[in-house]
Amino acid sequence: MKNIIIFGAPGSGKGTYSDEIVARYGMGHISTGDVLRSEIKGGTELGKIAKGYIDNGQLIPDELMIDILAKTYDALPAGQGVIFDGFPRTIPQAEALKKMLAERGHELGIMLELIVDEETLMARLLNRAKEQGRADDNEETIKKRFAVYHKQTEPLAEWFQQEGIRNTFTWKGSKELMLSEIFAFLDTQK
Ligand code: AP5
Ligand code: MG
């Protein structure tokens with residue numbers, strides 16, 4: 001499978017659909033949020049820096065993120081395609097990803113944009129808070145994450161449009177429907 005960038009607001013299902021896509025097409029998966037949370041759990045220097053930003057719903061600085069992404073990508077087996085979940089989130093990150101892939105003779109591939117209304121997103125994240133207790137899943141921080149998404153990340157959709165690889169999927173109330181639409185599209189892309 002080509003590389004896939006899964007893009008959307010907090011709670012839009014980037015992680016959930018990534019798992020389904022990995023199960024169906026057998027590719028690598030990089031969730032930058034998961035990478036950072038595991039650094040926090042391990043008490044590393046990077047984790048200490050990341051915690052302050054994550055708990056406050058803010059983005060980690062681009063230079064740091066780009067470095068982490070390249071190291072994580074190079075640690076995966078080459079040639080099977082990777083799904084990027086939560087990266088890029090800013091235009092500099094997107095430019096850096098394109099450059100990093102080009103340097104390795106690889107391409108951006110396909111961008112999947114998930115559109116979900118904010119009421120549904122909030123309900124999902126508050127529900128996840130009860131099940132998993134993620135530090136940034138509380139109403140105040142979720143609102144900050146939505147604001148950061150609208151200001152810093154959403155404009156990137158247009159960047160992908162310019163690249164000619166933007167594909168939008170809108171939530172219509174059923175996970176099965178969303179998945180079948182995504183799979184039907186990806187089946188044409190292999
Ligand atoms: P990150 O971990 O990427 O969090 P996020 O973008 O806020 O997104 P979530 O993981 O909360 O949601 P998701 O879209 O994966 O949805 P999910 O599938 O879990 O980033 C966290 C933080 O790390 C950032 O705020 C930032 O500080 C930092 N960071 C990460 N990357 C960075 C970068 N590139 N640059 C700078 N900083 C970065 O679904 C949500 C819930 O809904 C789940 O519990 C799921 O089970 C449930 N659910 C219920 N129904 C459905 C359905 N029908 N479809 C999908 N999910 C459903
Ligand atoms: Mg996630």
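In each ligand, atom 1 is the first atom listed, and ligand 1 is the first ligand listed.
Checked by atom type, the side-chain pair Asp187/Tyr25 shows a donor-acceptor distance below 3.5 Å. Side chains of Lys144 and Gln58: no donor on one and acceptor on the other come within 3.5 Å. With 3.5 Å as the limit, one finds no donor-acceptor pair spanning the side chains of Asn3 and His106. A side-chain donor from one of Glu113 and Thr168 sits under 3.5 Å from a side-chain acceptor of the other.
Residue contacts with ligand 1, taken as heavy atom pairs separated by less than 4.0 Å, do not involve Asp137 at all. The part of Met65 lying near ligand 1 is the side chain, judged by heavy-atom distances below 4.0 Å. Of the heavy atoms in Arg37, only side-chain atoms (C-beta onward) come closer than 4.0 Å to ligand 1. Neither the backbone nor the side chain of Gln132 comes within 4.0 Å of ligand 1, counting heavy atoms alone. Residue Tyr149 does not touch ligand 1, judged by heavy-atom distances below 4.0 Å. Proximity of Ala50 to ligand 1, defined as any heavy-atom pair under 4.0 Å, is not found for any part of the residue.
Atoms of ligand 1 lying under 4.0 Å from any heavy atom of Gly33, numbered from 1 in the order shown and given with element: 1 (P), 2 (O), 20 (O), 30 (C). Set against the non-hydrogen atoms of Gln93, the atoms of ligand 1 under 4.0 Å away are 33 (C), 34 (N), 35 (N), 36 (C). Listed by number with element, the atoms of ligand 1 under 4.0 angstrom from any heavy atom of Ala9 are 14 (O). The ligand atoms of ligand 1 that sit less than 4.0 angstrom from a heavy atom of Gly15 are 13 (P), 15 (O), 18 (O). Close approach of ligand 1 to Leu125 (heavy-atom distance below 4.0 Å) involves ligand atoms 11 (O).
Taking only nitrogen or oxygen atoms, main chain and side chain alike, Phe87 does not reach within less than 3.5 Å of ligand 1. Residue Trp171 has no nitrogen or oxygen atom sitting less than 3.5 Å from a nitrogen or oxygen atom of ligand 1, judged on distance alone. Taking distance alone, with nitrogen or oxygen atoms compared against 3.5 Å, Gly11 approaches ligand 1 more closely than that limit. Between Gln58 and ligand 1, at least one pair of N/O atoms sits closer than 3.5 Å. Ligand 1 has no N or O atom lying under 3.5 Å from any N or O atom of Pro10, backbone or side chain.
Comparing heavy-atom distances from atom 43 (C) of ligand 1 across Arg128, Met178, Gln152 singles out Arg128 as nearest. In this structure, of Thr16, Asn56, Ile60, the residue bringing a heavy atom nearest to atom 46 (O) of ligand 1 is Thr16. Looking at Lys175, Arg124, Lys144, it is Arg124 that brings a heavy atom closest to atom 51 (C) of ligand 1. Distances from atom 6 (O) of ligand 1 to the heavy atoms of Arg89, Glu20, Lys51, Glu131 show the closest one on Arg89. Taking all heavy atoms of Thr32, Asp19, Leu36 into account, the minimum distance to atom 29 (N) of ligand 1 is reached by Leu36.
Judged by the 6.0 Å distance and 45° axis criteria, Arg124 is positioned over the aromatic ring of Trp171.
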Could you give me the CA-CA distance, side-chain angles and deciding distance for Tyr17 and Phe169, then say whether ring pair (Phe, Tyr, Trp, His ring centres under 6.0 Å) is met? CA-CA 12 Å; Tyr17 298 121; Phe169 297 85; 9.2 Å; no
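Atom-to-atom distance recorded for Leu156:CG and Arg166:CZ is 10.5 Å, nearest 0.5 angstrom.
Between the Thr141 side chain and the Asp137 main chain, no donor and acceptor come within less than 3.5 Å of each other.
Classification of the Phe7-Tyr149 ring pair by plane angle, with boundaries at 30° and 60°, yields tilted.
In this structure the side chain of Ile142 never reaches within 4.5 angstrom of the side chain of Asp136, judged on heavy atoms.
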